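To start, the structure itself, in structure tokens.
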2 protein chains.
Amino acid sequence: MTIDPRDTLTRAPTAPPPSQRVDKASHLPAYVQLAQTVRQSIADESYPSGSRLPSESALAKSFGVSVMTARQAVSVLAEEGLVERVQGSGTFVRRVQMARSHFTLEALYEVLARPEELEVKILKAGVEEPGHAVIEQLRVQPGTPTIVVERLLLHRGRPFVFQVAISRFDPRSPIVETMLDSAVLTGLLSDQGRSSFKKGELQLLPTALDAREANLLGEPPGAIVFRLEHLFFDFSDRPAAFGWLLISPRRMPLISRVGVWDE
Amino acid sequence: MTIDPRDTLTRAPTAPPPSQRVDKASHLPAYVQLAQTVRQSIADESYPSGSRLPSESALAKSFGVSVMTARQAVSVLAEEGLVERVQGSGTFVRRVQMARSHFTLEALYEVLARPEELEVKILKAGVEEPGHAVIEQLRVQPGTPTIVVERLLLHRGRPFVFQVAISRFDPRSPIVETMLDSAVLTGLLSDQGRSSFKKGELQLLPTALDAREANLLGEPPGAIVFRLEHLFFDFSDRPAAFGWLLISPRRMPLISRVGVWDE
DNA sequence: AAGTGGTCTAGACCACCTA
DNA sequence: AGGTGGTCTAGACCACTTT
């Protein structure tokens with residue numbers, strides 16, 4: 001759902017466009033320079049919250065670039081969430097707001113991308129009858145065997161992630177290979193590994209560790225951590241891999257910045 | 001950090017570009033139609049994971065559009081995370097991976113955007129001496145009074161969010177107005193309200209509710225919930241508002257989808 | 001050297017909103 | 001009706017990678 005910024009804000013007059021021109025000597029693209037100029041004007045309140053930016057053609061003219069280039073600059077700011085385009089009306093400076101923030105698993109990705117610092121301990125690997133949750137998620141018949149793998153991932157010798165992964169048992173693929181293939185972990189997380197899926201759904205939850213999990217992760221009993229549930233689908237749209245990661249917020253901080261931070 | 005997709009994947013030959021043309025009768029823009037065509041080819045593995053897409057000029061030619069239009073179509077897929085551009089080399093189909101997921105506070109935003117369904121209960125509003133954490137976050141001198149407000153937000157009559165907000169005491173602004181201004185909550189979350197900041201930093205954490213918090217939110221004692229800490233800065237780059245929200249994952253599910261879902 | 005994506009031009013017409 | 005952003009053209013040159 002979208003809220004029209006004009007409904008709720010006192011319309012401020014459009015400030016004059018910057019008279020500055022692109023520095024052709026600079027190796028920075030013109031659209032980056034223009035975006036930074038406008039970003040700075042938002043930061044110092046030359047273009048206050050809710051006000052309308054100069055039109056793209058006005059920006060182009062005053063900055064000495066073509067309309068498409070000015071448009072690209074505005075696109076950068078729109079993607080950053082600093083401004084909002086309204087067709088037929090203009091581009092408006094958006095207020096800084098919490099709900100626009102988004103959180104990425106960058107911290108996890110950074111670690112997984114350096115396999116030389118990682119160690120994978122297989123805690124359990126076998127074929128099991130699925131429980132209720134697994135039957136529902138993987139959409140298998142009760143009694144159908146599934147492959148269950150528990151892994152502890154260590155980063156620089158310290159416990160990092162505890163993972164439980166449950167896959168369909170596929171008679172066409174070698175069992176042992178599938179079970180021990182750490183690609184089911186690293187392949188889902190980084191660009192590496194072989195495993196390949198069509199799509200996936202993830203849910204982030206807060207949870208408390210039980211005694212065993214806390215011990216494995218080197219956390220105090222009952223520690224509160226993130227649980228990242230994942231369900232991946234093969235190219236036939238069948239749910240193929242279900243599982244979850246447990247990871248401490250200290251090891252994977254979820255931080256988001258909104259508004260103008262660079263300068 | 002970035003991993004070159006070519007390092008880790010068997011290079012698959014580039015499949016032929018789609019011979020389909022844009023439907024000019026359709027009201028869908030050409031770039032959307034082309035993006036959907038390519039998306040479908042990724043979904044059915046005509047362009048398998050790791051393979052190179054046809055070049056933008058090849059796509060443009062076979063689809064009967066200009067290069068810039070084909071480029072815009074590829075940009076859509078790149079923003080979705082389905083493909084990755086490598087300058088000088090090509091555009092490659094990316095594997096579906098967990099670490100590319102991102103989580104937004106959309107569920108929270110949806111609720112906050114409908115003020116008619118909301119009710120705000122002020123549980124506490126007053127001037128207090130700041131504690132250790134607040135002194136650090138707001139960078140105030142010990143002993144400097146700060147404004148503390150506790151609010152319970154109800155959605156359709158049911159407890160939704162518990163918020164604690166601590167602001168600098170600003171002698172230039174009316175105290176009571178500042179204290180009771182629900183904009184400090186809704187303004188930070190939605191486009192509405194008056195409060196305005198230059199930038200903000202947010203951190204999402206898992207936490208357990210204490211007895212009072214659980215009672216307020218209608219959760220069982222010790223329930224595990226999200227804690228969204230926020231620190232907002234005014235246009236002088238001074239930290240101006242610090243606080244946190246407590247919200248159940250049932251009321252704000254954090255779900256992310258990766259790969260090809262539409263069709 | 002040839003091919004790729006990245007940037008850029010100088011226009012054009014359209015859909016939409018405001019006055 | 002005039003202004004705005006949204007889409008699109010048919011080129012161009014550049015930076016970069018691969019052959």
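Note that the coordinates shown come from a computational prediction; the quantities given were computed from them, not determined experimentally. Letters go in sequence order (proteins before strands), and every chain restarts at 1.
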Can you tell me if the side-chain N/O atoms of [X] get under 4.0 Å from OP1 or OP2 in [N]?
X	N	answer
B:Tyr31	D:dT7	yes
B:Ser55	C:dT4	yes
A:Thr69	C:dT9	yes
B:Ser66	D:dT9	yes

- Task: Assess the pair A:Trp261 and B:Phe233: is the distance between their ring centroids shorter than 6.0 Å?
- Result: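 Between A:Trp261 and B:Phe233, the centre distance is under 6.0 Å.
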- Message: Which residue in the set B:Glu116, B:Glu119, B:Glu117 passes salt bridge (Lys or Arg N to Asp or Glu O under 4.0 Å) when paired with B:Arg156?
- Response: B:Glu117
From the set [options], return the single nucleotide nearest to any side-chain atom of [X].
X	options	value
B:Arg85	C:dG5, D:dT4, D:dG6	C:dG5
A:Arg71	D:dG6, D:dT4, C:dT9	D:dG6
A:Pro29	D:dC8, C:dA10, C:dT7	C:dT7
A:Gln87	D:dG5, C:dT4, C:dC17	D:dG5

- Is the closest basic N to carboxylate O distance between A:Glu56 and A:Arg85 below 4.0 Å?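 A:Arg85 and A:Glu56: salt-bridged.
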- Item | Salt-bridge present (B:Lys198, B:Asp237; N to O < 4.0 Å) |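 Salt bridge: yes.
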- Item | B:Gly88 or A:Met68, whichever maps to the more 5' nucleotide of DNA chain C |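 Result of the comparison: B:Gly88.
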- Task: Select from A:Ala70 and B:Thr91 the residue whose nearest nucleotide in DNA chain C is closer to the 5' end of that strand.
- Result: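 In this pair, the answer is B:Thr91.
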Can you tell me the distance, in whole Å, between the [atom1] atom of [X] and the [atom2] atom of [N]?
X	N	atom1	atom2	value
B:His27	D:dG6	NE2	C1'	15 Å
B:Glu84	C:dG5	CD	P	13 Å
B:Lys61	C:dT4	NZ	C1'	16 Å
A:Arg52	D:dG3	CZ	C1'	8 Å
A:Leu34	C:dT7	CG	P	14 Å

- So what does B:Glu56 hit on the nucleic acid, given a heavy-atom distance under 4.0 Å: a base, only sugar-phosphate, or nothing?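 B:Glu56: backbone/sugar contact only, no base atoms under 4.0 Å.
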- Query: Ignoring hydrogens and geometry, is there a side-chain-to-backbone donor-acceptor pair from B:Gln163 to B:Trp244 under 3.5 Å?
  - Reply: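 Answer holds: no.
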- Message: Can you work out whether B:Gln72 or B:Val67 has the more 5'-proximal nearest nucleotide on DNA chain D?
- Response: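 By nearest-heavy-atom nucleotide position, the 5'-most residue is B:Gln72.
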